[in-house]
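Some notes on the structure that comes next.
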Amino acid sequence: MLDKLKKEVLEANLELANRGLVVYTWGNVSGIDREKGLIVIKPSGINYEDLTLEKMVVVDLQGNIVEGEYKPSSDTATHLELYKAFSEIGGVVHTHSEWATSYAQAGEAIEPLGTTHADYFYKSIPCTRDMLSSEIQGDYERETGKVIVETFKQLNPMEVPAVLVKEHGPFTWGKTPYDAVYHSVVLEEIAKIAYKTNIIKNHHCKHRMKEELLDKHYLRKHGNKAYYGQGK
Ligand SMILES: O=C(CO)[C@@H](O)[C@H](O)COP(=O)(O)O
């Protein structure tokens, strides 16, 4: 059952690892067959290199295991909330990738700073609000999904296919599991570039080496003449 989707989800999980977005068993990818109302997701706690088609887990939209010997990812309830709320998505990814997770832990959105961002995400990439104690103590993963959906009340999830869950990490989505992984890879790059852009903007021109040291080294290497004087 769902052999094609299982293959897509397996390959998407392996792509996540190949792209260096996950360490050990962190993160997970799922895909949905909307006609059947079934979701294929990574098994919980299994290393990426040990993943096989047979180990993929099939659940229904209530999270009941329909097929598979392993426990579904501990984030399954979050994935399910997103599939229920975002009708156009076909795949969901969660990672703890370094740069996007750093923004999530800091509780900071990633603002659009250049065309690289704008090519993939229309507006800021939001960070969710603080979770309430009742949400944390309750079904945290389901409540995480509901808070993500709440964050997108005024946003189109197909225009901004990513979110930073505060004090946790990023979730991305797309029309297919591969599409969702693609957005995770792009998100990580954009987070890295955004951080470095902000560092440059806040610290640039505040520092310059000593002029005499610049002169001494450059002129010593270039025959005591500035390039224009070498006549070459
Ligand atoms: O966010 C978390 C833990 O903080 C999870 O995503 C783990 O990183 C992976 O859990 P499984 O998918 O293996 O249950």
Side-chain angles (χ1 to χ4, degrees), residues 5-6 8-32 38-83 89 91-107 125-133 135-149 151 161-174 177-178 180-181 183-185 187-188 191:
L5 183 59
K6 281 181 189 172
E8 274 184 65
V9 173
L10 171 61
E11 288 173 354
N13 275 282
L14 296 178
E15 174 70 359
L16 209 50
N18 293 339
R19 293 284 181 177
L21 290 189
V22 288
V23 175
Y24 296 127
T25 65
W26 301 353
N28 35 74
V29 184
S30 70
I32 186 170
L38 295 174
I39 291 90
V40 176
I41 194 163
K42 180 182 177 291
S44 182
I46 303 296
N47 284 310
Y48 286 83
E49 59 267 25
D50 298 330
L51 285 179
T52 62
L53 284 174
E54 296 68 31
K55 291 179 181 171
M56 305 316 284
V57 184
V58 182
V59 298
D60 63 20
L61 281 164
Q62 288 69 46
N64 303 305
I65 298 175
V66 170
E67 184 185 327
E69 294 163 26
Y70 292 84
K71 268 181 57 198
S73 166
S74 55
D75 294 302
T76 297
T78 306
H79 289 235
L80 297 180
E81 290 303 315
L82 300 184
Y83 285 125
I89 68 174
V92 174
V93 170
H94 170 50
T95 76
H96 290 201
S97 61
E98 181 183 358
W99 293 93
T101 301
S102 300
Y103 272 88
Q105 292 188 163
I125 298 162
C127 186
T128 58
R129 63 165 169 77
D130 281 314
M131 302 271 292
L132 306 173
S133 176
E135 292 167 333
I136 293 168
Q137 299 304 331
D139 182 341
Y140 171 72
E141 287 74 22
R142 184 175 310 287
E143 294 299 339
T144 294
K146 290 180 186 301
V147 169
I148 293 172
V149 172
T151 306
V163 70
L164 306 167
V165 176
K166 191 171 181 180
E167 296 169 354
H168 186 170
F171 281 79
T172 62
W173 47 83
Y178 183 83
V181 168
H183 289 139
S184 281
V185 173
L187 169 65
E188 182 66 0

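All values derive from a computational prediction rather than experimental measurement. Both ligands and their constituent atoms are indexed starting at 1 by order of listing.
Residues satisfying the ring-ring contact (aromatic ring centres under 6.0 Å, His included) criterion with His94, sequence neighbours excluded, are His96, His168, Phe171.
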Between ligand 1 and the protein, which N/O pairs are shorter than 3.5 Å?
residue  : atom   : partner : partner atom : Å
ligand 1 : 1 (O)  : His94   : NE2          : 3.0
ligand 1 : 1 (O)  : His96   : NE2          : 2.8
ligand 1 : 1 (O)  : His168  : NE2          : 2.7
ligand 1 : 6 (O)  : Asn28   : ND2          : 3.3
ligand 1 : 6 (O)  : Asp75   : OD2          : 2.4
ligand 1 : 6 (O)  : His94   : NE2          : 3.3
ligand 1 : 8 (O)  : Gly27   : N            : 3.2
ligand 1 : 10 (O) : Ser74   : OG           : 3.3
ligand 1 : 12 (O) : Asn28   : ND2          : 3.0
ligand 1 : 12 (O) : Ser73   : OG           : 2.7
ligand 1 : 13 (O) : Gly45   : N            : 2.8
ligand 1 : 14 (O) : Ser44   : OG           : 2.6
ligand 1 : 14 (O) : Ser74   : N            : 2.8
ligand 1 : 14 (O) : Ser74   : OG           : 2.8

**OP:** Under the side-chain hydrogen bond (donor to acceptor under 3.5 Å, both in side chains) rule, what do Thr172 and Ser184 come out as? Steps first, then yes or no, please.
**Re:** CA-CA 6 Å; Thr172 62; Ser184 281; 2.6 Å; yes
**OP:** Could you walk me through whether Leu61 and Ile39 pass the side chain to side chain contact (heavy atoms under 4.5 Å, CB included) test, one step at a time?
**Re:** CA-CA 7 Å; Leu61 281 164; Ile39 291 90; 3.6 Å; yes
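More than 12 heavy atoms of other shown residues, nucleotides or ligands fall within 6.0 angstrom of atom CD in Glu49.
When every heavy atom of Glu81 is checked against every heavy atom of Arg142, the shortest pair comes out as OE2-NH1, 3.1 Å.
The side chain to side chain contact (heavy atoms under 4.5 Å, CB included) with Val181 is formed by just one residue from the set Asn13, Leu16, Leu14; it is Leu16.
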